[in-house]
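Remarks on the structure that follows.
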Amino acid sequence: MLLRMSTYFLRTLRDDPADAVVPSDKLLTRGGYVRRIAPGIFSWLPLGYLTYRKIEEIIREEMNDAGFQEVHFPSLLPREPYEATNRWDEYGPNLFRLKDRREVDYLLGPTHEEMFTLMVKDLYSSYKDLPLIIYQIQTKFRDEARPRAGILRGREFSMKDGYSFDIDQNGLDISYQKHRDAYIKTFTRLGIDFVIVSAMSGAMGGSKSEEFLAPCEFGEDTYVKCQKCDYAANVEAVITSVPSEIDFTNIPQLHVEDTPDTPTIDSLVDISNQRADLKRIDRNWQAADTLKNVVLMLTHPDGKNEPLVIGIPGDREVDLKRLEAAVSPSVVRVFEEEDFPKYPALVKGYIGPQVLGLNSSSKIKYLVDPRVVNGTRWITGSNLKGKHVYDLVMGRDFQADGSIEAAEVKVGDVCPKCGQELEIARGIEIGHIFQLGKKYAQALDLKVLDENGKSQVVTMGSYGIGVSRAVAAVVEQNHDDKGIVWPKNVSPISVHLVAAGKEEEIYQTGEKIAQELADNNISVIFDDRKAVSPGVKFNDAELLGMPFIVVVGKKLVEGKVEVKDRKSGQREDIELKNLLSYLKKLV
RNA sequence: CGGGGCGUAGCGUAGUGGCUAGCGCGCCUGCUUUGGGAGCAGGAGAUCGGGAGUUCGAAUCUCCCCGCCCCGACCA
């Protein structure tokens with residue numbers, strides 16, 4: 001491929017667009033790769049579309065290599081299948097809905113589980129046909145409440161979504177593993193640094209789910225990673241390391257104390273350390289010695305409300321994302337002022353666990369953080385205004401209905417696998433593999449006959465790669481202050497050839513080199529603009545980010561050109577006659 | 001949806017009641033220049049987001065509307 005800058009539909013910008021915040025958005029816009037059209041909606045210019053297709057093709061090749069078969073569904077979809085799985089409603093405002101001229105409902109596909117399931121149902125009916133893995137690369141539409149970060153989170157975006165169909169869990173495990181392997185190969189080839197983290201399988205009835213995250217400060221996902229072992233998890237899916245139970249025979253009996261004006265954990269800790277009668281002899285009280293009881297209202301899928309109290313150590317906040325993941329498919333809302341009168345057992349500000357639990361008189365469900373194990377002793381609410389209780393011991397003085405992963409994860413928390421400290425980082429979700437189970441097959445009645453002639457519901461998995469997002473993720477991880485630094489594999493073009501100088505010979509030689517490279521399958525973009533000064537050309541070359549920059553200029557009189565490695569910045573003068581073989585080795 | 005910021009030419013911006021809305025980049029013409037975003041001269045390009053109002057006079061003040069960005073909520 002040979003592109004000429006003098007005629008290529010490309011305009012680079014000197015300044016960052018005012019609205020852009022993340023590097024990929026700034027650089028892709030400045031480099032003339034993309035243009036924003038509306039919030040979360042982008043156009044690809046020629047060079048951008050070239051890059052996009054390069055990445056898309058790598059993903060396609062890896063999927064095909066793994067034995068997955070490509071299909072293609074429309075984006076414009078009828079309502080009925082989504083009605084059957086209840087997602088017409090469940091997807092809520094995130095679904096782009098529209099009507100045709102006869103007022104019939106349609107939607108723009110946010111994801112295609114239904115369509116894939118129905119297609120398989122349409123054609124297959126025997127266990128002998130399974131396993132089957134099919135995928136597509138398709139534009140998806142989601143009316144996100146807040147698109148952001150340029151291409152990283154759009155409302156219209158491209159996604160590779162694949163689905164596996166198996167007769168049983170064993171088959172699903174194999175299909176899942178195949179995807180895991182294929183994804184590792186794919187992202188490695190794309191030059192993306194990634195980490196595989198455990199994710200929530202959510203309410204889908206699935207048993208396993210992992211995300212591929214590209215570490216990046218602008219990523220939207222927070223995850224933890226063990227400093228020592230291979231444990232890594234999305235923060236929602238982090239499993240708290242449970243301490244062992246403590247013998248409580250020597251812990252003094254509980255005692256209730258007057259603690260006026262202690263609305264916060266801090267004030268409670270302060271007063272406990274200041275007052276002689278409350279002071280601890282061996283050490284000061286800490287926030288972690290208090291048990292904070294947070295009241296919430298759960299709304300179950302059937303619409304019923306149920307209060308829930310969660311007991312967590314006082315040095316932690318409730319992490320809403322973790323909480324929501326833990327209670328899904330129910331949703332939580334804050335406990336409002338009007339709710340309190342309905343539950344007289346709850347004394348606002350002084351809620352304590354003695355009156356809580358399904359077996360207690362209040363019948364209010366009480367769940368505790370996994371760190372609250374038998375034998376732990378706490379300062380907590382006494383259910384009397386202005387009073388707290390001390391030395392309240394779990395297992396001796398109160399019980400819980402179970403534990404819940406709702407407390408925030410902190411740096412230094414210990415790994416549930418090996419006990420080492422965890423680190424916290426952010427990443428871009430570039431892939432997600434997910435054991436769906438039978439939810440969609442069940443809802444859409446996808447069954448096949450097994451070897452005994454019995455009808456079996458098929459077990460499914462779903463697997464996604466954000467294709468357009470991957471373009472941005474590559475830029476996030478591969479750029480410097482001058483511009484993009486494409487990894488060789490994904491670079492839209494291999495060689496950026498700059499003609500620097502005004503002599504006609506420079507341009508003629510450049511043209512010859514460009515032709516020769518193109519003839520030898522080395523793609524080249526030739527900056528043949530005559531009225532543009534060399535400085536502009538060098539800056540553009542660095543902004544656009546092709547891996548090798550070749551300069552034809554003043555060294556031509558010695559029969560040499562300069563080859564610069566965009567990434568390392570190293571330059572080398574190469575004899576013109578050796579250029580082709582030199583570049584062949586590099587690209 | 002809550003909080004914050006913003007809307008002036010293709011891009012980046014100046015301009016808090018007063019003359020024809022200014023500057024840089026980019027674009028066009030001519031000359032000149034060609035190894036790190038050149039120079040000179042001339043030029044095109046703006047319903048100042050939209051509407052209503054106040055005023056002798058509005059980009060500037062008031063009200064309403066629209067749009068955009070950021071944080072949060074939300075996000076198989």
Side-chain angles (χ1 to χ4, degrees), chain A residues 11-22 25-26 29-30 32 35-41 85 87 90-95 109-114 116 140 142-150 152-155 157 159 161-163 199-206 209-211 218 220-221 234 236 320-321 324-325 328-329 331-334 429 431-437 439-440 460-464 466 482-483 498-504 506-507 527 529-543 549 551-557 561-562 564 571 573:
Chain A
R11 187 100 329 155
T12 56
L13 303 177
R14 187 177 291 209
D15 302 309
D16 283 335
D19 289 342
V21 173
V22 299
D25 193 14
K26 289 179 183 172
T29 304
R30 279 187 54 207
R35 298 294 292 175
R36 199 181 66 89
I37 295 302
I41 303 177
T85 55
R87 288 212 290 186
E90 249 175 35
Y91 232 96
N94 271 21
L95 191 64
T111 170
H112 282 72
E113 280 82 357
E114 285 82 352
F116 273 81
K140 306 288 186 191
R142 294 182 193 175
D143 192 1
E144 300 282 357
R146 190 156 89 77
R148 72 186 90 178
L152 279 176
R153 182 176 189 76
R155 293 193 295 169
F157 59 97
M159 177 168 160
D161 53 326
Y163 304 86
M200 292 300 291
S201 39
M204 294 287 156
S209 165
E210 287 169 296
E211 288 169 352
F218 295 104
E220 291 189 283
D221 286 63
N234 191 302
E236 288 146 62
L320 270 178
K321 280 191 177 179
E324 274 169 12
S328 172
V331 294
V332 281
R333 65 165 171 83
V334 293
E429 182 184 344
H432 195 166
I433 54 178
F434 198 129
Q435 294 201 353
L436 274 181
K439 172 176 164 149
Y440 291 92
M460 293 170 58
S462 89
Y463 316 91
K482 294 190 174 109
V498 173
K502 62 171 179 177
E503 291 76 22
E504 192 50 36
I506 286 173
Y507 288 86
D527 197 340
R529 294 174 294 177
K530 289 193 170 159
V532 175
S533 71
V536 171
K537 292 180 179 178
F538 294 142
N539 282 313
D540 275 349
E542 272 148 357
L543 173 62
I549 298 167
V551 182
V552 192
K554 60 186 181 191
K555 306 243 173 65
L556 189 58
V557 291
V561 294
E562 179 182 301
K564 182 174 170 183
R571 311 167 183 210
D573 292 335

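Only a predicted model underlies this, so the values are computations on that prediction, with no experimental measurement involved.
G37(B) is unpaired under the Watson-Crick or G-U wobble criterion, no partner having all donor-acceptor distances under 3.5 Å. Nucleotide G67(B) forms a pair with C6(B), judged by Watson-Crick or G-U wobble geometry with both contacts under 3.5 Å. Shown here, A52(B) forms a base pair with U62(B); the pair counts as Watson-Crick or G-U wobble because both key distances fall under 3.5 Å. In this structure G22(B) sits in a base pair with U13(B), meeting the Watson-Crick or G-U test at under 3.5 Å. Using Watson-Crick or G-U wobble geometry with both donor-acceptor distances under 3.5 Å, C27(B) finds its partner in G43(B). The partner of G72(B), taking Watson-Crick or G-U wobble pairs whose two distances both stay under 3.5 Å, is C1(B).
Contact annotation: side chain of S462(A) to base of A76(B), donor-acceptor pair absent below 3.5 Å.
As judged by a 4.0 angstrom heavy-atom cut-off over every strand, P17(A) is placed among residues touching the sugar-phosphate backbone only.
Under the 30°/60° scheme for interplanar angles, the aromatic rings of H112(A) and F116(A) are found to stand perpendicular.
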Once base and sugar-phosphate atoms are separated, protein heavy atoms under 4.0 Å mark nucleotides 36-43 of chain B, 5' to 3', with B, S and - as BBS-----
Base-contact (B) and sugar-phosphate-only (S) positions in nucleotides 68-74 of chain B, heavy-atom cut-off under 4.0 Å, - elsewhere
SSBBBBB
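For the pair K530(A) and E504(A), the salt-bridge criterion is met [side-chain N within less than 4.0 Å of a carboxylate O].
Listed nucleotides: U34(B), G35(B), G10(B). Nearest to the side chain of K502(A): U34(B).
In this structure, T85(A) and E113(A) have side chains that are not in contact, with every pair of non-hydrogen atoms separated by 4.5 Å or more.
Rounded to the nearest Å, the gap between the C1' atom of A46(B) and that of U34(B) is 34 Å.
Evaluation of the side-chain hydrogen bond (donor to acceptor under 3.5 Å, both in side chains) rule for Y507(A) yields K537(A) as partners, not counting sequence neighbours.
Separation of atoms NZ (K482(A)) and CG (L543(A)) is listed at 12.0 Å; rounding is to 0.5 Å.
In this structure, the side chain of Y91(A) does not engage the main chain of R142(A) through any donor-acceptor pair within 3.5 Å.
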